[in-house]
Each structure stands twice: as C-alpha cells, then as structure tokens.
Amino acid sequence: MNKDIIKIMRPKQWLKNVFVFVPAFFAGSITDVHDILASVITFFAFSFAASSVYCLNDIIDVDADRRHPVKCSRPIASGAVTVSAAARLMGMLLVVSAILVMLLGSERWAVGGVILFYVLLNIAYCIRLKQFAIVDVCIIATGFVLRLLAGGFATDVVLSKWIVLMTFLLTLFLSFAKRRDDVIRMNETGEPPRKNTVRYNLTFINQTVTITATVTLVCYIMYTVSPDVGERIHTPYLYLTTVFVILGLLRYIQITVVDEKSGEPTKIMLHDRFMQTVVLLWAMSFFVIIYML
C-alpha cells in the first residue's frame with residue numbers, strides 16, 4: 001500500500017517544481033541562505049499541493065484510466081488504492097502544504113495565495129477544463145508560471161516580463177509536444193486517450209510545436225540582451241547561453257517528431273543523456289556568467 005500511495009503522489013513529477021528556484025537563480029541570489037531556504041520550503045509546499053491535484057485527477061479519471069493501455073496501471077484504476085483512501089491522502093497533502101507555507105514568514109500570504117490559486121485552477125481543470133483543446137495546454141503552462149511567481153514572492157525577486165513569457169511559452173511547447181503523442185496513439189488505435197484529442201491532429205500539432213519553440217527562443221534572446229537584465233546582474237554576456245537553449249529545443253523536437261516519444265516530458269529529462277547534458281551545460285554557463293564574471 002505504501003508503494004501505491006507514493007505512486008499516486010507522483011514524486012517524479014516534482015521535477016516540474018524546480019521552477020520555484022528560477023527567480024533566485026536568475027537574480028543572482030541563489031547563494032543567499034535566506035533565499036535558498038525560502039525556495040526549498042516553497043518547492044515542497046508546491047510539490048505536496050501538486051500531488052493533491054494528482055490524487056483528484058486519478059479519482060475523477062478512474063474509469064477512463066482503466067481503458068487506457070498505460071494509465072490502467074495507476075493505483076486507483078488498478079484497484080490497489082480505494083477512492084476514499086485517495087481522497088483522504090489528498091486532504092493530508094493539502095494540510096502539509098499549508099503548514100509549510102506558514103513557515104515562510106511575511107512572504108507566506110503571497111506564496112500561499114499563488115499555491116491556492118494553482119490548486120483551484122487545477123481542480124477546475126480536472127473537473128471540466130481539460131476537455132477543451134488549447135485551453136488544456138494553456139492551463140498547464142499557466143501552472144508553471146504560477147510556480148515561477150511563487151518562487152519570486154518567496155525570495156522577493158521581481159520577475160522580468162521576458163522570464164514570465166519564456167516560461168509560459170516553453171511549457172506550452174512541451175504540452176503541445178505531449179499532445180502529439182496522444183494524437184499518434186489515437187491514429188494507431190482509433191480511440192482518443194483524452195476527450196479533446198479529437199480536436200488535434202498532426203498537422204496542427206506540428207505547426208504549434210514549431211511556433212512555440214521559435215517564439216520561446218526569441219523571448220530567451222530578448223531576455224539575455226535586455227538592458228534592464230544586464231544592469232541588474234551586471235553582465236552583458238548572457239546571450240552566450242543561447243546556444244544551449246537552441247540545442248535543447250532541437251533535441252526535444254527530434255524526440256517529438258523523429259522518435260515520437262514526447263508523451264512524458266519528465267521521463268525525458270530523467271533519462272535522455274543529451275538533454276541532461278545540455279541543461280547541465282546551460283546551468284553551468286549561466287552560473288559562471290552571473291556569479292563568477
């Protein structure tokens with residue numbers, strides 16, 4: 001049972017919540033003890049809140065998951081965990097998240113408000129909004145922006161408009177790439193994995209992936225050459241990190257279009273050595289430019 005409970009919480013998906021560290025990292029304050037501690041607390045508060053949403057999602061989708069070739073193995077769909085046990089777990093996770101938020105001091109109200117909005121938005125997503133094509137991916141992308149805002153409020157970092165736009169567009173790109181995997185499965189089996197999959201096709205998805213990847217890259221370049229950003233972090237060399245962003249986007253498009261394995265972005269980040277190397281080199285170059293030059 002313990003293993004199944006952990007599986008419902010999807011701790012591997014907590015990788016998404018590293019976005020709360022982005023404001024401190026980009027602001028050059030990642031070495032500040034207060035900012036690190038606040039970011040860590042926010043990370044776990046957001047992670048437990050997100051896990052509560054996963055519980056709700058699995059409860060609502062239990063019948064559909066039982067018909068899905070992969071999702072049928074989820075604890076609730078397989079019968080390993082009852083719906084009532086999952087509901088109790090959801091409540092416990094929300095309580096733990098709230099307790100962690102209260103440890104943040106004066107920032108707790110802003111961070112708590114962001115997390116609460118995230119939970120309410122995703123409840124609406126699970127109940128109804130995920131049935132609408134385009135709306136579903138926009139809500140997912142908004143969730144990542146909320147992670148960014150939570151990290152910014154926790155560390156008192158004012159976010160650049162370019163970072164906000166870049167985060168939204170990058171996660172929109174990843175979400176459309178994931179939907180491509182659903183369209184391929186629908187074309188092969190004749191049954192849509194999601195109700196809204198019928199409102200997507202490969203032509204549309206390929207175009208949206210290309211558009212969002214291109215605009216994401218433009219936003220990143222605009223961020224690195226922004227005069228305000230250069231003055232704040234005292235370096236004009238951020239543009240040099242663009243090469244790693246290009247490589248990362250190209251690799252993900254290759255995985256999406258050539259390998260047709262874009263269904264699990266988190267799994268790609270955890271297992272694809274090329275992507276891991278690119279992200280590591282990007283982070284190292286960014287760290288050197290901001291903190292050492």
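- Cluster membership check: Leu240 shares its hydrophobic cluster with Met222, using side-chain heavy-atom separations under 4.5 Å among Ile, Leu, Val, Met, Phe, Trp and Tyr.
- Atom CZ of Arg251 has more than 12 heavy atoms from other residues, nucleotides or ligands within 6.0 Å.
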Distance-only donor-acceptor pairs under 3.5 Å for side chains of residues 118-126, two or more places apart:
residue: Tyr118; atom: OH; partner: Arg147; partner atom: NH2; Å: 3.3
residue: Asn122; atom: ND2; partner: Tyr118; partner atom: O; Å: 2.8

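- The environment of Asp156 atom CG is sparse: at most 12 non-hydrogen atoms of other residues, nucleotides or ligands sit within 6.0 angstrom.
- The cluster map of Ile, Leu, Val, Met, Phe, Trp and Tyr, joined by side-chain heavy atoms under 4.5 Å apart, puts Met102 and Ile115 in different clusters.
- Taking 4.5 Å as the limit, every side-chain heavy atom of Tyr237 sits out of range of all side-chain heavy atoms of Val288.
- For the salt bridge (Lys or Arg N to Asp or Glu O under 4.0 Å) test with Asp136, the passing option among Arg179, Arg128, Arg199 is Arg179; the others fail.
- A donor and an acceptor atom, one from each side chain of Ser51 and Trp14, are located under 3.5 Å apart.
- Around atom CZ of Phe44, no more than 12 heavy atoms belonging to other residues, nucleotides or ligands sit under 6.0 Å away.
- Relative orientation of the Tyr223 and Phe26 rings is tilted, given thresholds of 30° and 60° on the angle between their planes.
- Side-chain heavy atoms closer than 4.5 Å link hydrophobic residues (I, L, V, M, F, W, Y) into clusters, and following such links, possibly through other members, connects Leu103 to Val96.
- A heavy-atom distance below 4.5 Å is found between the side chains of Leu170 and Leu249.
- Hydrophobic clustering (ILVMFWY, side-chain heavy atoms < 4.5 Å, transitive): Ile246 and Leu172 are in one cluster.
- Using modelled atom types, one finds a donor on one side chain and an acceptor on the other under 3.5 Å when comparing Asp35 with Ser29.
- Results of the side-chain contact (heavy atoms from CB on, under 4.5 Å) test with Cys55 over Val83, Leu93, Ile76, Leu94 single out Leu93 as the only residue that passes.
- For Phe46 and Phe19, the distance between ring centers is not under 6.0 angstrom.
- Using cut-offs of 30° and 60° for the angle between ring planes, the Phe43 and Phe21 rings count as tilted.
- Transitive grouping of hydrophobic side chains (ILVMFWY, heavy atoms separated by less than 4.5 Å) keeps Val53 and Ile99 in distinct clusters.
- Relative ring orientation between Tyr291 and Phe287 is described as parallel, the plane-to-plane angle staying below 30° on a 0-90° scale split at 30° and 60°.
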